[in-house]
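Chain letters run A, B, ... following the sequence lines, proteins first, then strands; residues in each count from 1. Note that the structure is a prediction, hence the values are computed from the model and not measured.
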Amino acid sequence: MKKLINDPRDVVAEALVGLALAHPDRLRVDHDNAVVYRAEPTRPGKVALVSGGGSGHEPLHGGFVGLGMLDAACAGQVFTSPVPDQVLAATTTVDAGAGVLHIAKNYTGDVMNFDMASELAAESGIQVESVVVDDDVAVEDSLHTAGRRGTGLTVLLEKLVGAAAEQGRDLDAVTTLARSINDRGRSMGVALTSCTVPEVGRPTFDLAEDEIEVGVGIHGEPGRERRSLTTAAEVAQMLVDPVLDDLGTVSARERAAIVMLNGMGATPLLELYLMFGEVAKLLAARGIVPTRTLVGSYITSLEMAGCSLTVLEADEELLTLWDAPVNTPGLRWGA
Amino acid sequence: MKKLINDPRDVVAEALVGLALAHPDRLRVDHDNAVVYRAEPTRPGKVALVSGGGSGHEPLHGGFVGLGMLDAACAGQVFTSPVPDQVLAATTTVDAGAGVLHIAKNYTGDVMNFDMASELAAESGIQVESVVVDDDVAVEDSLHTAGRRGTGLTVLLEKLVGAAAEQGRDLDAVTTLARSINDRGRSMGVALTSCTVPEVGRPTFDLAEDEIEVGVGIHGEPGRERRSLTTAAEVAQMLVDPVLDDLGTVSARERAAIVMLNGMGATPLLELYLMFGEVAKLLAARGIVPTRTLVGSYITSLEMAGCSLTVLEADEELLTLWDAPVNTPGLRWGA
Amino acid sequence: MLTTEKAAAWLDDYARVIHENAAWLTDLDRQIGDADHGSNLERGMTAVEAIPREEYPDAASLLKKAGMTLVSTVGGAAGPLWGTFFLRFAGALDEPGDDATVVAAAMRAGLVGIVQRGKATEGDKTVVDALGPAVRVAEQKASQGASLADTLTAAAEAAAVGRDATIPMVARKGRASYLGDRSAGVQDPGATSITMLVESAARTLA
Amino acid sequence: MLTTEKAAAWLDDYARVIHENAAWLTDLDRQIGDADHGSNLERGMTAVEAIPREEYPDAASLLKKAGMTLVSTVGGAAGPLWGTFFLRFAGALDEPGDDATVVAAAMRAGLVGIVQRGKATEGDKTVVDALGPAVRVAEQKASQGASLADTLTAAAEAAAVGRDATIPMVARKGRASYLGDRSAGVQDPGATSITMLVESAARTLA
Ligand SMILES: Nc1ncnc2c1ncn2[C@@H]1O[C@H](COP(=O)(O)OP(=O)(O)O)[C@@H](O)[C@H]1O
Ligand SMILES: Nc1ncnc2c1ncn2[C@@H]1O[C@H](COP(=O)(O)OP(=O)(O)O)[C@@H](O)[C@H]1O
Ligand SMILES: [Mg+2]
Ligand SMILES: [Mg+2]
Ligand SMILES: [Mg+2]
Ligand SMILES: [Mg+2]
């Protein structure tokens, strides 16, 4: 294991120290609870957004705290959901009277810990709503299973819902928007190499020099199938087809979309842009117009090499929310 | 070699296709010459900035084209400087009557190719000045050698000088500023793993599982010494000490600096923030206040793992230029 | 009545067992999950060991504190599940009845809490596959007037049978479910560690 | 007088030699540079081979075009250096004198161009270590009235001696200089490939 770390047990806490030192103008970190806050308290009357999850996906979520996006992010241990105490502390701190929306990714641990926190928050009189992101088409969805995993769409959702909250929409409106975004976006990822959890010290899975894991999860969970390493053009096809099939894009007319081509952590931008070119061609062939795009590493899996594609169908409302100012360490424009 | 590419010979051209598709609102790419331009022509009377170099360092340079930064970037083959034709085409295209500043990094090939282009441009009546960035303290500087290499400071210089050009300063003023920035900034890098040039197909150098290359260059050139893998705290010391020693920071009073902790391509943000925390502590102990910071992958070496530190002493003028709006794919604020 | 001393002994014994088996539990989780179940529980039980026992006057308040501690330190799926089990178990101890009846009812309350949280049913390859049979057997024994010792011994045996039955199952809940058919062939880590909890109860509570 | 045919033969012969030795040149550069010298020159000479010869009426215009082509296609250090050599060589061909004198003077012009660009002096472990002695010997021979064939043969021998002398040198210019002392022990790739150019001239120009 080759990492720029000290004691593997201190990785998350020490990274939060660096985050706080790097962005003192914009962020404040509660090191006891491992919660990242905006430097300024929530504007009275604004719905507050709290997200969080296991660490190792940076800039998600701590890097998305700031104007136009999250109000607080709870950092769990690497790949382990935060505990209810963290989420409760964050919820209590950022509530400015208009209520709090919890944004969790669909993993059993995350959902249960956020649920416990929102029950406790509700008991103390705070209005809390939740949205659980489940956009990963690699896993079959069914009422009888844990369902799809939450991956790349989380980034887009946090941006868009953050803009809506900033506009002053109420908790119901913000929650409805969040759920409808979750309904309209899908993701799929592919890994070229594994990641290594610092405390475990060895790769989460083994891939041969000529193998790729198609449909991999953001914690190195297995995907749909293991295939031979092939060209970027063919890999693009493996991502675009399942995403669009699941979105059910059979209509003939062109449709606008917000598209993210995301790096898993160790994939250089040169490759991501090249992949984006391949993806854009395939999307065009199926009538999807990437009206807004993100190309870069926004939801990562430590030092895993690979990428994921997220496609969110976008109407005028979403495009306007997308263009609204955002000022976070991980995503910034118009401010 | 595990990469998301098609034919290794087409990597640069295909990545430029993706770059153009990802940012049609902001960039225009001349695919014949492999030059990235702003979507809008240079404002009449503005000094234009042209940079470029070998590819494989993304977002540098193409990702730094846009308002407040570069006017054009010439993309060479991976780790190979662009040819004079590219630089000449870029220079001719972006000149808006006020002249053009060439920004090259100090490598023999880059310097000679930029020199030839500026001679040709001057022959055709364009005012051209050049700055050659040489900030890497890993290599001893001497009149009798090729001198220090140009690395991380290039990012900061392109941002700051871009802001000065946007303000309407003339070519002399912009050139003087660029040279003075080059005098005040220093960098040093460390690699945990090698990179693999697509056309070569095997790692540029070999590092054992417990070795790091201290003072590595951005093309995988050897550094000062090979050492054992150690803690982030000790690695931070290996970067901070030579940088500050070379800057000659012996004064007792505190000094403001713009500090970049840069990822080499495959190092996740979690580790970069952790390293930044270690670096910030050591800087503080030597009276350096990181008044502005960048933590992320801004000048990379394909999929090399590791990081580099750049420290630029900053007066009020530089801080004001730093805060000026910038709108490029790789760096954006205030716009 | 369940004394504070017995409750404390239960927690200490379980902590010891978890320390001993953490690596194995993590390895089971590595095969069909994310390689942290042992370290998750160990982190939690280490925190439970550190609870200042003298501050808790009765078994219920101590076990409630243990549950809250687990919720606050474990995270992941195990944190809420194990935490809820202890919280609900503690909350049911004031019911009337002989020791065996009270403990069986408390175990039922814990199980109900786990099912409410995790929505798993038997056959999903989870903790419920061991705890479900254990609770049913405990209730049966208690209703037949068995001693607390006999009740818990029988429950522990049932848990172990349920645990072993998870080996061929295909997971439908939790992280292992992403593996689909590939989850078959490995014993569920949570079913394994909850069986240790019932076994520990049989050793300490009676 | 240097005919277009002879100039074309020189370029074709050099292209052939570069194709044959590209892998070796790249490997020398891998040891003390960045593993691209062979592929750089091969890319350039492939482009030179594709120049439509019939469009260039004399040796000077053809060799000038070759120089421009190298500048436009090679990049790195070799592009400007080799390109400048051919451009300056071509520009000096209209000087008066017998063939040997003209070619020696043209080689001197090429060397001066390389030194202007790269600022290397002999001993820096570069192309100059082979080309410098070659030019000196050529001038000497020509001034003694030697034939073009004898002049170039002697120059090629001097280049090879200079090339071999780069092996123990510590590089002070170019990418190899970053290696410091570790650059000693490997023959300089540029000195190797420029020697091939002079050898090729000896085979084709006389
Ligand atoms: N929905 C659920 N209901 C009941 N038990 C579950 C559920 N999901 C997971 N588990 C149990 O939790 C165990 C895994 O716990 P652990 O590894 O600590 O958490 P995580 O899966 O978050 O890493 C599984 O072996 C299983 O027994
Ligand atoms: N400043 C210089 N002057 C003369 N020759 C040089 C100089 N720098 C490099 N060279 C020559 O160029 C050769 C390397 O060429 P090449 O590998 O094609 O370029 P790059 O170093 O840009 O990759 C070296 O072997 C050396 O002979
Ligand atoms: Mg886990
Ligand atoms: Mg090169
Ligand atoms: Mg687990
Ligand atoms: Mg080279």
Side-chain angles (χ1 to χ4, degrees), chain A residues 2-7 11-12 14-23 55-56 58-59 63 78 190 192-193 209-210 212 229 231-233 235 261 265-281 290 293 295 297 300 302-303 305-307 327 329-330 332-335, chain B residues 2-7 11-12 14-23 55-56 58-59 63 78 190 192-193 209-210 212 229 231-233 235 261 265-281 290 293 295 297 300 302-303 305-307 327 329-330 332-335:
Chain A
K2 266 190 151 169
K3 290 180 192 284
L4 291 166
I5 60 173
N6 298 305
D7 188 321
V11 167
V12 174
E14 291 181 356
L16 288 175
V17 168
L19 185 74
L21 287 168
H23 309 290
S55 294
E58 292 66 26
V78 173
V190 60
L192 271 59
T193 65
E209 195 37 46
D210 62 345
I212 58 177
L229 180 62
T231 61
V235 173
L261 201 280
T267 292
L269 209 43
L270 184 74
E271 293 178 40
L272 291 181
Y273 274 118
L274 190 153
M275 273 296 292
F276 182 78
E278 299 295 342
V279 162
K281 275 183 246 169
T293 56
V295 179
S297 295
T300 59
L302 296 170
E303 75 284 70
C307 68
N327 182 351
R332 185 168 179 178
W333 54 77
Chain B
K2 267 190 151 170
K3 290 180 192 282
L4 291 167
I5 60 173
N6 298 305
D7 188 320
V11 167
V12 174
E14 292 182 355
L16 288 176
V17 168
L19 184 75
L21 287 168
H23 308 292
S55 294
E58 293 66 26
V78 172
V190 60
L192 270 59
T193 65
E209 194 38 46
D210 62 345
I212 58 177
L229 180 62
T231 60
V235 173
L261 201 279
T267 291
L269 208 43
L270 183 75
E271 293 177 41
L272 292 180
Y273 274 117
L274 191 154
M275 272 297 293
F276 182 78
E278 299 295 342
V279 163
K281 274 182 249 170
T293 56
V295 178
S297 295
T300 59
L302 296 170
E303 75 283 70
C307 69
N327 182 351
R332 185 168 179 179
W333 55 75

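In this structure the side chain of K2(B) never reaches within 4.5 angstrom of the side chain of E303(B), judged on heavy atoms. Between T293(A) and L261(A) the shortest side-chain heavy-atom distance does not fall below 4.5 Å.
Closest approach of A22(A) and V295(B) over heavy atoms only: CB-CG2, 3.9 Å. The shortest heavy-atom contact between G306(B) and T267(B) is N-OG1, 2.7 Å.
Heavy-atom distances place the side chain of L229(A), and not its backbone, under 4.5 Å from chain B. Looking at A305(A), neither its backbone nor its side chain comes within 4.5 Å of chain B, counting heavy atoms on both sides. Contacts between P59(A) and chain B at a heavy-atom distance below 4.5 Å involve backbone atoms as well as side-chain atoms. The parts of V11(A) that come within reach of chain B are both its backbone and its side chain, each placing non-hydrogen atoms under 4.5 angstrom from that chain.
Aromatic rings of H23(A) and Y273(B) (six-membered ring for Trp) have centroids within the 6.0 Å cut-off, being under it.
Rounding to the nearest 0.5 Å places CG of L274(A) at 11.5 Å from CG of L19(B).
Contact count against chain A (heavy-atom pairs under 4.5 Å) is highest for A232(B) among A232(B), G277(B), G18(B). For the options G63(B), P268(B), S55(B), heavy-atom pairs under 4.5 Å to chain A are most numerous at P268(B). Among L21(B), N6(B), L269(B), T231(B), the residue making the largest number of heavy-atom pairs under 4.5 Å with chain A is N6(B). The candidate from L302(B), T300(B), V17(B) with the greatest count of non-hydrogen atom pairs under 4.5 Å with chain A is L302(B).
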